[in-house]
Amino acid sequence: MKNYLLNIFMQAANKLNYLNEIELTFTVPNQKSYGDYSLNAAMILSKKLNRNPRDIAKEIVDSLEYDKSIIEKIDIAGPGFINFYFSSSYNTQVINQILTEKENFGRSQKHSGKRAMVEFISANPTGPLTVGHGRNAVVGDTVANMLERIGYKVDREYYFNNAGRQMRVLGDSVRLRYLELLGYQIHFPEDYYQGEYIKEIASMLKNEHGNKLVDEDAEGIFKQRAEKEIFADIIKSMERIGIRMNNFYNEHLLFEEGRIESLLNEFEKKNLSYKKDDAVWLKLTELGNDADKVIVKSSGEPTYRLPDIAYHITKFERGYDLMVDLFGSDHNATYPDVLAALKALGYDSEKVKVLIHQFVTILQKGEVVKMSTRKANYITLDELVDEVGADVVRYFFNMRGITSHLNFDLELAKKQSDENPVFYLQYAHARIASILRMTKEEGLGSSLSNLELLTTESEQNLLKKLYGFPDEVLYIAENYETHRIAIYLEELAALFHRFYTECRIIGSEKKLAEARIALCIAVQTVLKNGLSILGVSAPDSM
RNA sequence: GCGCCCAUAGCUCAAUCGGAUAGAGCAACAGCCUUCUAAGCUGUAGGUUAGUGGUUCGAUCCCACUUGGGCGUACCA
C-alpha cells in the first residue's frame with residue numbers, strides 16, 4: 001500500500017517540484033474515518049511556501065494519477081491532511097503475498113550484505129544470571145533477531161573478563177568454603193561471594209580432590225573451577241530462554257595479543273594521552289568529553305576503559321558494518337569515553353550503536369529487592385523461568401520500551417500468569433490452528449479465488465493490519481524499538497479475536513468460508529513470524 | 001554540584017520526525033457460550049499527560065525552569 005503511494009507521488013513530483021524537498025511520511029491515522037493512510041506534507045510545506053495548507057493539499061491531490069480500483073478515494077481534511085482510502089478488493093491482495101512468502105513475509109533485504117554484531121549480557125562469571133540480566137539478555141537477542149529480518153548477517157557476542165579483583169575474590173570465596181568443608185575454622189569476609197553456588201563448587205572440589213587442595217591459592221584451581229561451573233550455568237540459563245551466542249570474547253585475549261600495549265603506544269604517538277601522578281590519562285576533554293580519565297593506574301594495571309576500547313577496535317577489524325552494544329543504565333557514563341577514543345583513532349564511531357536499558361526493579365511482597373551478586377541477594381533468571389516459563393519471560397522483557405524503568409512484581413507475575421498478554425497472542429495462534437483442523441474435517445480448504453468476498457469491517461481491519469507488518473518490522477528494527485513488535489501483535493490478535501467472534505467459517509457459504517480460511521492462515525503466519533522475532537513459541541493448541 | 005534516563009487512567013505501560021477526539025492490558029461494574037477453544041467478545045467508568053512558562057497553524061513529544069524518582073559522576077567493571 002505504502003509502496004503504491006510512494007510510486008504515485010514520485011510521478012506527481014515531476015509536476016510539483018516542492019514534493020522533492022520534503023520527506024513524505026505516510027502514517028496510519030488513529031481513527032478509521034481518516035482513511036488507511038494519511039499525509040501531513042501540505043502542513044509542513046505551508047511554512048516553506050508561505051501558502052494555505054489546504055490549497056497546497058488540493059494542488060497535490062489534483063496532480064496525483066492513480067488507479068481507482070486501488071485507491072477508492074482521497075480526502076482533504078482538517079488543517080490540510082490528505083487521507084487515502086484503499087479499495088477493499090485491493091486490501092485482500094495481501095493474503096496472496098503472505099501465503100506465497102510464508103515465513104519470509106516481513107523480511108526485508110534492505111540491509112542484505114551487511115554484517116552486524118550485537119554484544120549483550122556480557123556479565124562476568126561471578127554468579128548465576130539474575131532477573132536483572134534477563135532484560136539485557138532478552139532485548140539483546142531480540143534486537144539480533146530483528147536485524148536478521150532486515151537483511152543483516154548477525155553475530156551474537158558475549159564479552160567477559162576472568163581477571164581482576166572480583167574474580168580473585170570469587171576464587172578465594174571458593175577456597176574458603178572448601179577449607180570450611182574440610183573442617184577448618186575460617187573467617188568468611190562480608191564482601192566475599194555469599195551465594196550457595198560457591199559452596200556447591202567447593203563441595204565438587206572436595207569430592208574430586210579430597211584434601212589435596214588445601215595449599216592451593218585462590219587464583220589457581222579454585223578460580224578456574226568456579227569460572228567453568230558458573231559459565232556452564234550461565235549458558236544453560238541462556239539456552240532455556242532460547243539464546244545462543246556465536247562467540248564468547250575473553251578480555252584476556254586483548255592482553256595476550258598485545259592489543260593493550262599497542263593501543264597505549266598509539267595513544268601516546270597521537271598525543272592523546274599523558275602521564276600524571278604515575279598514571280596514564282586519556283585526553284578526553286580535548287575530544288569533547290567532560291573530563292580526562294585514567295587508562296593505566298599508577299599500579300601499572302589498565303582500567304576497564306582501555307580494554308573496552310581495544311575490544312571495540314577488534315570489532316571494526318572483524319569488519320562489522322554495525323556494532324550494537326546493549327548496556328544497563330549503570331554503564332551510561334562509560335560508553336562516551338569509548339566512542340570518543342574510537343573516533344579520535346579514526347574509526348567511524350557512527351557504526352557503533354549503544355543501547356542503554358533502564359533497570360528492572362524487582363518487587364517482592366511489595367518491597368524493592370536490591371540485587372547484588374556478591375551479597376547473594378538476587379532472584380535468578382532460572383527461578384523466574386521455573387515459575388512462569390520461558391515464553392512469559394521473553395514476552396515480559398520485550399513488552400516495554402528500554403528507556404522505561406520496569407517494575408517486576410514477582411507475586412503479580414506468578415498470580416497473573418494466566419492473564420499475561422503473551423497468552424492472548426498465543427491463544428489467537430492456537431485458535432486458528434484449531435479452526436484449520438475443524439474446517440479440514442468439514443472438507444473445507446483455503447482458496448484465493450474469492451477473496452473479494454472479505455468485505456466486513458472486521459475482515460478489512462485485519463487485512464490492513466497485515467499489510468502493515470513488513471513496514472513495521474523495518475521501522476522497529478532500524479530504530480531498535482523491540483517492544484513495538486509486541487504492541488503490533490497484540491493489536492493484530494485483538495482484530496483476529498473480534499473477527500472470530502463476528503465471522504463464522506463453518507456454516508458460511510463455501511466460497512466465503514474458503515476465503516476466510518485463507519485469511520486465517522495469513523493471520524496465523526504473521527503471528528508466528530512476529531512471535532519468532534520475540535523468541536516466543538506459537539503453539540497449535542493451548 | 002554535574003551528566004544520562006524517567007514522570008501519561010487506581011496499577012503496569014503505549015502513543016510511528018511535532019498531527020486530528022491521548023490508547024491497551026490488569027483491577028472495577030454490566031452483558032454475551034445447545035454452533036470453528038469464553039486464555040475470547042461487547043459495553044460502562046476511569047486523564048488538567050508531575051507543575052509553570054516558552055516556541056507555532058498545532059506540543060505527551062521540542063526549549064527553559066521547578067518538583068519527585070532511577071543510574072552514574074573512581075587510579076571498581
Side-chain angles (χ1 to χ4, degrees), chain A residues 23 25-31 33-34 38 40 43-44 46-47 52-53 77-81 83 122-124 126 161 164-166 251 276-281 289-291 293-305 307-308 328-336 356-359 361 399-409 412 416 418-424 426-428 430-439 441-442 444 468 471-472 475-476 479 481 483-484 486-487 490-491 493-494 496-498 500-508 513 516-517 520 541-542:
Chain A
E23 196 181 337
T25 50
F26 297 94
T27 55
V28 179
N30 51 17
Q31 253 191 114
S33 59
Y34 294 135
S38 183
N40 65 355
M43 275 114 77
I44 293 168
S46 89
K47 222 173 288 181
N52 181 318
F81 288 102
N83 297 332
S122 293
N124 287 339
T126 58
N161 94 62
R165 200 187 95 82
Q166 288 309 314
E251 181 196 294
K276 193 180 96 182
D277 305 331
D278 288 332
V280 182
W281 296 68
N289 286 17
D290 288 342
K293 296 280 171 60
V294 170
I295 49 175
V296 182
K297 302 186 235 175
S298 51
S299 65
E301 253 181 309
T303 66
Y304 63 89
R305 270 178 209 94
D308 271 6
S329 62
D330 54 339
H331 282 70
N332 73 28
T334 76
Y335 73 89
I356 301 284
H357 65 84
Q358 296 302 310
F359 271 16
T361 306
M399 266 164 73
R400 271 125 213 201
I402 60 169
T403 58
S404 284
H405 297 271
L406 181 51
N407 282 328
F408 201 129
D409 188 318
L412 218 61
Q416 294 192 339
D418 277 15
E419 291 150 357
N420 190 300
V422 71
F423 295 112
Y424 186 75
Q426 293 182 317
Y427 184 53
R431 246 185 172 174
I432 294 170
S434 172
I435 290 170
L436 298 179
R437 284 190 296 267
M438 298 298 288
T439 50
E441 279 178 30
E442 300 282 326
L444 288 165
D471 275 345
E472 198 79 17
Y475 176 87
I476 291 169
N479 292 283
E481 296 191 32
H483 69 287
R484 291 186 42 170
I487 294 171
E490 281 178 38
E491 287 167 356
F496 171 74
H497 285 308
R498 182 178 300 178
Y500 175 88
T501 308
E502 290 174 5
C503 302
R504 304 213 41 95
I505 294 170
I506 295 171
S508 292
R516 284 179 173 167
I517 292 171
C520 284
S541 67
M542 285 176 74

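This is a predicted model, so every value here is computed, not measured. Throughout, protein chains are lettered first and strands after them, A, B, ... in sequence-line order, and every chain is numbered starting at 1.
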State which of [options] makes the closest approach to the side chain of [X].
| X | options | value |
| --- | --- | --- |
| A:Tyr475 | B:rU16, B:rG19, B:rC36 | B:rU16 |
| A:Arg498 | B:rG70, B:rC36, B:rC41 | B:rC41 |
| A:His497 | B:rC13, B:rC41, B:rA20 | B:rC41 |
| A:Asn332 | B:rG3, B:rC13, B:rG40 | B:rG3 |

### Message
Looking at A:Arg516 and A:Arg504, would you say the former's side chain and the latter's main chain have a donor-acceptor pair under 3.5 Å?
### Response
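Present.
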### Query
Any donor and acceptor pair, going by atom type alone, linking the side chain of A:Ser298 with main-chain N or O of A:Asp278 inside 3.5 Å?
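Absent.
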G-U wobble or Watson-Crick pairing nucleotide for [N] (cut-off 3.5 Å, both distances):
| N | value |
| --- | --- |
| B:rU52 | B:rA64 |
| B:rG58 | none |
| B:rC2 | B:rG72 |
| B:rG25 | B:rC11 |

Base, sugar-phosphate, or nothing for [X], non-hydrogen atoms under 4.0 angstrom?
| X | result |
| --- | --- |
| A:Thr361 | nothing |
| A:Gly328 | nothing |
| A:Ile506 | base |
| A:His405 | base |
| A:Ser46 | nothing |
| A:Asn289 | nothing |
| A:Val28 | base |
| A:Thr25 | base |

### Query
Any idea if B:rC57 is syn or anti, going by the 90°-from-0 cut?
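Nucleotide B:rC57 adopts anti.
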Report each atom pair, protein N/O against N/O of nucleotides 73-77 of chain B, whose distance is under 3.5 angstrom.
unit_1: B:rC75; atom_1: O2; unit_2: A:Ser298; atom_2: N; d: 2.7
unit_1: B:rC75; atom_1: O2; unit_2: A:Ser298; atom_2: OG; d: 2.7
unit_1: B:rC75; atom_1: N3; unit_2: A:Ser298; atom_2: OG; d: 3.3
unit_1: B:rC75; atom_1: N4; unit_2: A:Asp277; atom_2: O; d: 3.1
unit_1: B:rC76; atom_1: OP2; unit_2: A:Lys297; atom_2: NZ; d: 2.4
unit_1: B:rA77; atom_1: OP2; unit_2: A:Tyr304; atom_2: N; d: 3.1
unit_1: B:rA77; atom_1: O3'; unit_2: A:Asn161; atom_2: ND2; d: 2.9
unit_1: B:rA77; atom_1: N6; unit_2: A:Tyr304; atom_2: OH; d: 3.1

### Task
May I ask whether A:Phe81 stacks on the base of B:rG19, given the cut-offs of 5.5 Å between ring centres and 30° between planes?
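A:Phe81 vs B:rG19: stacking no.
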